[in-house]
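Only heavy atoms go into these numbers, but all of them, side chains included; no hydrogens, no water, no symmetry mates.
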Amino acid sequence: MTSHVRHITIDCADAYALAAFWAQVLGAPLSDEDSPGDPEALVEAPGAAILFVQVDEPKQTKNRVHLDIQPDDCSRDEEVERLLALGATLVADHRKPNGRGWATLADPEGNEFCVECGAAERAALTGTRLPVTADDVTTAVRLAVDVLAKAPADRWEARAGSLEWTCWETAEHLGDDLVSYAVRLGPRTPPMEQNLPFRWTSERPGGHDGLLFVDRSAGPAGLLATVEARGALLASMVRTTPPEVRAYHVYSVSDPEGFAAMGVVETLVHAHDIAEGLGLTWEPPAALCDRALARLFPDAPAGGDRWAVLLWATGRAELPGHPRRTAWRWDGRPLEDQTASSAG
């Protein structure tokens, strides 16, 4: 038997006011059930919500437990300035010129917390690879869905780019890829030598082998909703599966980050195929392409247009100075296995 953390609870003098400050820090909403003057207020932060509870006793000394935060979309120093403007105060500055260290701040009631470099800034400063995450899966799928939703409903039977499938079939295939990567991380003992024994079928000769087929009466909006739902399933499994877990893929056994990267690549390149068939423009963020390339195609050319390199790596486009690929596969092995193989 085990337990889990439901809330992180902080005693304070004004629950709603302090919760409002932290809602701005974390970009998370206050509970709809809370109002100014309430003795409790909840910030619905992802992972573990933060509950502020009004107490009579004042804060006496340094907290024995504190929060460490990392900015998502700016530098550590920029985040410190933002938080100071919100009403925090600087308690101690342990930042170093090379990006290491942290700044200790206090919220409006004196509760200490620390601001560290975010993952992107840390990777840039140390020259390390930025990992592919569950959030990357979500971003890729949502961007793709938003672009593909612009197509007229009568275009979805067109051929998807260079594939033999229609745009509708390719979207179904993409959804199957996403859910297939998700479910193989689910068992307590994931498969290591073969896929899970689902039955895959085809709806027509020459069509794709599919796991889940979408009701045609739902139209493109329904089809894209199933893609987004299956992307959310993969993102959830990647986020909650311990990094040491391994599971089977036909190219190689992989880890949660590897399956996240596979989901990102499948989404980006099949969105490209579908967009070609639908007559849409599709160009995903360069940083997202770069993280996927670094994880699955470590030998891909460095620099240049990262989306163009990913299209080349998956056999969909030419790249100046490199022969066009007529066959390709990624390397989904955990990084330590790739390193050991290169060293051996």
Side-chain angles (χ1 to χ4, degrees), residues 46 72-73 119-120 130-151 153 155-156 160-161 163 165-186 208 210-215 218-241 247 249 254-278 280-297 306-307 310-311 313-314 316 330 332:
D72 293 321
D73 52 8
L130 193 62
V132 181
T133 67
D135 289 340
D136 287 332
V137 175
T138 300
T139 296
V141 172
R142 289 181 177 176
L143 289 173
V145 165
D146 288 347
V147 168
L148 300 179
K150 299 174 183 177
R155 296 291 300 273
W156 282 84
L163 304 181
W165 306 329
T166 68
C167 293
W168 181 284
E169 291 171 335
T170 304
E172 285 184 324
H173 168 77
L174 168 58
D176 284 339
D177 286 337
L178 297 171
V179 76
S180 171
Y181 299 152
V183 296
R184 66 188 74 197
L185 294 172
H208 72 294
L211 179 62
L212 298 171
F213 293 92
V214 180
D215 184 352
L223 171 65
L224 293 174
T226 70
V227 172
E228 189 167 1
R230 287 183 266 186
L233 179 60
L234 176 58
S236 295
M237 290 303 300
V238 169
R239 184 173 288 111
T240 57
T241 302
H249 184 274
S254 194
D255 58 357
E257 190 210 349
F259 287 112
M262 294 177 206
V264 168
V265 169
E266 295 280 9
T267 300
L268 300 186
V269 300
H270 283 315
H272 165 78
D273 301 329
I274 298 169
E276 274 197 337
L278 297 176
L280 299 172
T281 299
W282 165 243
E283 185 168 351
L288 185 60
C289 299
D290 188 57
R291 290 194 291 277
L293 282 164
R295 179 60 177 84
L296 294 180
F297 301 95
R306 304 315 286 158
W307 175 224
L310 182 57
L311 289 175
T314 56
R316 285 169 168 79
W330 56 50

Quick one: do Trp307 and His272 satisfy side-chain contact (heavy atoms from CB on, under 4.5 Å)? Show the steps, please.
CA-CA 10 Å; Trp307 175 224; His272 165 78; 3.9 Å; yes
Could you go step by step and tell me if His208 and Leu163 meet the side-chain contact (heavy atoms from CB on, under 4.5 Å) rule?
CA-CA 10 Å; His208 72 294; Leu163 304 181; over 6 Å; no
Arg295 vs Ser254, test: side-chain contact (heavy atoms from CB on, under 4.5 Å). Steps then yes/no.
CA-CA 11 Å; Arg295 179 60 177 84; Ser254 194; 4.1 Å; yes
Report the C-alpha separation of Tyr181 and Arg230 in whole Å, then their side-chain angles, then the decisive distance to 0.1 Å, and conclude whether the side-chain contact (heavy atoms from CB on, under 4.5 Å) test is met.
CA-CA 10 Å; Tyr181 299 152; Arg230 287 183 266 186; over 6 Å; no
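Phe259 contributes atom CZ, which lies 8.0 Å from atom OG of Ser180 (distance to the nearest 0.5 angstrom). In this structure, the separation between CH2 on Trp165 and CG on Asp273 is 9.0 Å, given to the nearest 0.5 Å. Atom CG of Leu278 and atom SG of Cys167 lie 4.0 Å apart (nearest 0.5 Å). Summarising the geometry, atom NE2 belonging to His270 is positioned 6.5 Å from atom CG belonging to Leu174; distances are rounded to the nearest 0.5 Å. Here the CG-CG distance, from Leu212 to Leu178, works out to 11.0 Å after rounding to the nearest 0.5 Å.
Between the Thr314 side chain and the Leu311 main chain, a donor and an acceptor come within less than 3.5 Å of each other.
Residues satisfying the salt bridge (charged side-chain N to carboxylate O under 4.0 Å, His left out) criterion with Glu169, sequence neighbours excluded, are Arg204.
Taking all atoms of both residues into account, the shortest heavy-atom contact from Trp168 to Pro220 is CZ3-N, 3.9 Å. In plain terms, the two heavy atoms of Gly263 and Leu234 that are nearest each other are CA-CD2, 3.9 Å. Residues Ala247 and Leu185 approach most closely at CB-CD2, 4.3 Å, considering heavy atoms. When all heavy atoms are compared, the tightest approach of Val238 to Pro256 is CG2-O, 3.7 Å. When every heavy atom of Thr133 is checked against every heavy atom of Ala260, the shortest pair comes out as O-CB, 4.1 Å. Nearest heavy-atom pair across Pro284 and Leu268 is CB-CD2, 3.7 Å.
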Pairs of donor and acceptor atoms involving the side chains of residues 137-151, under 3.5 Å and at least two apart or interchain, shall be tabulated with distances.
| from | atom 1 | to | atom 2 | distance (Å) |
| --- | --- | --- | --- | --- |
| Thr138 | OG1 | Ala134 | O | 3.4 |
| Thr139 | OG1 | Asp135 | O | 2.9 |

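His173 and Asp176 share no donor-acceptor pair across their side chains, judged by distance under 3.5 Å alone.
Residue pairs meeting the side-chain hydrogen bond (donor to acceptor under 3.5 Å, both in side chains) criterion with at least one partner in residues 281-293, sequence neighbours excluded, are Asp136-Arg291, Asp290-Arg306.
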